[in-house]
Amino acid sequence: QLRYSHEAAQLRAYEGRICASFEGVTAVSDEDRDALLAAAGRARPITVIPIGVDGPALRPVQPSPGAHDVISLAAPGWPPNAEGIAWFARDVFPLVRRAVADSRLTICGANPTAELRGIGERQPGVEVTGFVDLQPYLERAAVAIAPLRSRGGMRVALLETLARGIPVVATSLACAGLDLVSGEELLVADSPSDFADAVALLLRDRELGERIGAAGRRRALAHHDWRALTPAIDLVYAQMTAHPAPLADESAAAHPLALS
């Protein structure tokens with residue numbers, strides 16, 4: 001614990017030096033901007049530009065008539081994702097199956113952890129696919145999950161899922177900083193019972209899932225498509241070229257972070 005605290009302090013100091021050595025700095029959320037300002041130790045412009053996705057490339061999924069699966073699309077080899085997916089499979093999905101007996105959980109993505117592979121081998125109704133062509137699995141899905149339970153990451157998979165028009169149930173942490181409206185653009189739940197109830201609701205109510213999926217797609221395309229975000233990026237460059245700012249020690253970026 002002491003080692004990690006020491007490394008975290010070094011990382012914050014390094015981030016502060018790096019921010020001071022560039023004329024333009026962007027962050028993907030207000031929370032990240034505030035953290036960078038605290039690390040820098042002084043006020044400076046940091047522009048918040050949300051995470052972007054390629055909207056036109058993410059066509060809305062047309063589910064098959066009997067679509068009844070729950071799908072996970074987050075990278076299952078990244079530890080925070082893997083921990084959240086395992087929590088859902090172990091603590092939440094059995095509750096879902098009590099309510100919707102024929103539901104299935106499909107965990108997609110390359111390099112799933114050994115724990116997730118074991119869950120797929122032992123737990124009824126759970127399939128861990130590894131790297132696959134997603135289209136047939138998307139068409140069988142009635143709901144997607146984003147069960148992140150620890151901070152970190154950039155929520156790209158969640159936004160791509162929304163852009164595909166698939167209704168999502170997410171934890172509060174999974175959608176933090178995205179300004180999504182629970183009950184309209186997705187469903188948000190944090191306890192096993194609440195999460196299971198939300199998933200079961202979408203499995204049973206196809207019309208509700210279609211409404212939430214469509215609203216989530218509209219939000220993703222309106223606020224997170226790269227074509228909507230490029231004007232903000234262009235403005236950052238325009239401000240830099242119009243008013244060049246004096247930099248702090250430019251050698252800061254040349255010094256790698258030494259963790260001991």
Side-chain angles (χ1 to χ4, degrees), residues 26-33 46-65 67 69-76 78 81 84-85 106 108-109 132-148 151-189 195 198-199 201-203 205-238:
T26 67
V28 298
S29 69
D30 292 338
E31 182 181 18
D32 285 348
R33 179 195 59 197
I46 296 180
T47 303
V48 175
I49 300 176
I51 301 162
V53 297
D54 187 0
L58 298 165
R59 297 182 180 277
V61 175
Q62 298 299 323
S64 59
D69 287 7
V70 180
I71 194 168
S72 170
L73 297 170
W78 188 55
N81 283 346
I85 297 167
T106 307
C108 296
V132 290
D133 174 10
L134 287 176
Q135 193 60 35
Y137 295 94
L138 295 174
E139 292 173 359
R140 297 200 321 243
V143 56
I145 56 166
L148 191 68
R151 294 185 181 276
M154 294 180 63
R155 317 303 195 265
V156 176
L158 172 57
L159 289 171
E160 290 181 341
T161 304
L162 292 170
R164 287 183 166 110
I166 304 172
V168 174
V169 179
T171 59
S172 300
L173 279 176
C175 57
L178 295 180
D179 294 325
L180 295 162
V181 180
S182 180
E184 296 181 15
E185 296 159 341
L186 81 172
L187 299 181
V188 177
F195 207 110
V199 170
L201 176 63
L202 292 175
L203 289 174
D205 192 336
R206 185 71 171 263
E207 291 185 3
L208 175 64
E210 289 175 353
R211 289 199 303 273
I212 288 178
R217 176 172 167 79
R218 288 194 298 270
R219 162 66 74 163
L221 297 186
H223 295 272
H224 296 279
D225 182 83
W226 277 119
R227 292 147 194 83
L229 299 177
T230 47
I233 299 172
D234 291 341
L235 181 60
V236 171
Y237 283 108

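Residue numbers count from 1 along this sequence.
Residues passing the side-chain contact (heavy atoms from CB on, under 4.5 Å) test with Glu207 are Asp205, Arg211, sequence neighbours excluded. Judged as a salt bridge (charged side-chain N to carboxylate O under 4.0 Å, His left out), and not counting sequence neighbours, the contacts of Glu31 are Arg151. Every residue meeting the side-chain hydrogen bond (donor to acceptor under 3.5 Å, both in side chains) condition with Ser172, not counting sequence neighbours, appears here in chain and number order: Asp190. Partners of Ala198 by side-chain contact (heavy atoms from CB on, under 4.5 Å), not counting sequence neighbours, listed by chain and number: Val169, Leu187.
In this structure, the side chains of Leu178 and Arg155 come closer than 4.5 Å at one or more pairs of heavy atoms. Val28 has its side chain out of reach of Val48: every pair of non-hydrogen atoms, C-beta onward, lies at least 4.5 Å apart.
Among residues at least two apart or in separate chains, side chain to side chain donor-acceptor pair (under 3.5 Å) pairs with a member in residues 132-145 are Asp69-Arg140, Gln135-Glu139.
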Using residues 220-229 as the side-chain source, report each donor-acceptor pair under 3.5 Å to any protein atom, sequence neighbours left out, with the distance given to one decimal.
residue: His223; atom: NE2; partner: Arg219; partner atom: NH1; Å: 3.3
residue: His224; atom: ND1; partner: Ile51; partner atom: O; Å: 2.9
residue: Asp225; atom: OD1; partner: Gly55; partner atom: N; Å: 2.7
residue: Asp225; atom: OD1; partner: Arg227; partner atom: NH1; Å: 3.3
residue: Asp225; atom: OD2; partner: Arg227; partner atom: N; Å: 2.8
residue: Asp225; atom: OD2; partner: Arg227; partner atom: NH1; Å: 3.3
residue: Trp226; atom: NE1; partner: Gly52; partner atom: O; Å: 3.4
residue: Arg227; atom: NH1; partner: Asp54; partner atom: OD1; Å: 3.2
residue: Arg227; atom: NH2; partner: Asp54; partner atom: OD1; Å: 3.0

For this session: Determine, step by step, whether Leu162 and Leu180 satisfy the side chain to side chain contact (heavy atoms under 4.5 Å, CB included) criterion, reporting the C-alpha distance in whole Å, the side-chain angles of both residues, the deciding distance to 0.1 Å, and the verdict.
Result: CA-CA 10 Å; Leu162 292 170; Leu180 295 162; 3.8 Å; yes
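Summarising the geometry of Ala146 relative to Leu158, their closest heavy-atom pair is CB-CD1, 4.2 Å, with the distance given to 0.1 Å. Here the shortest heavy-atom pairing between Leu138 and Ile166 reads CD2-CD1, 3.7 Å. In this structure, Leu58 and Arg217 approach most closely via the heavy-atom pair O-NH1, 2.9 Å. Here the shortest heavy-atom pairing between Ala142 and Pro167 reads O-CG, 3.2 Å. Taking all atoms of both residues into account, the shortest heavy-atom contact from Ala141 to Ala67 is O-CB, 4.0 Å. Nearest heavy atom pair, residue Ala189 against residue Phe195, reads O-CD1, 3.3 Å.
In this structure, CD1 on Ile85 lies 6.5 Å from CD1 on Ile145, to the nearest 0.5 angstrom.
Checking Val168, Thr161, Thr106, Asn81 one by one against Leu73, the side-chain contact (heavy atoms from CB on, under 4.5 Å) holds for a single residue, Thr161.
In this structure, the side chain of Thr26 does not engage the main chain of Ile49 through any donor-acceptor pair within 3.5 Å.
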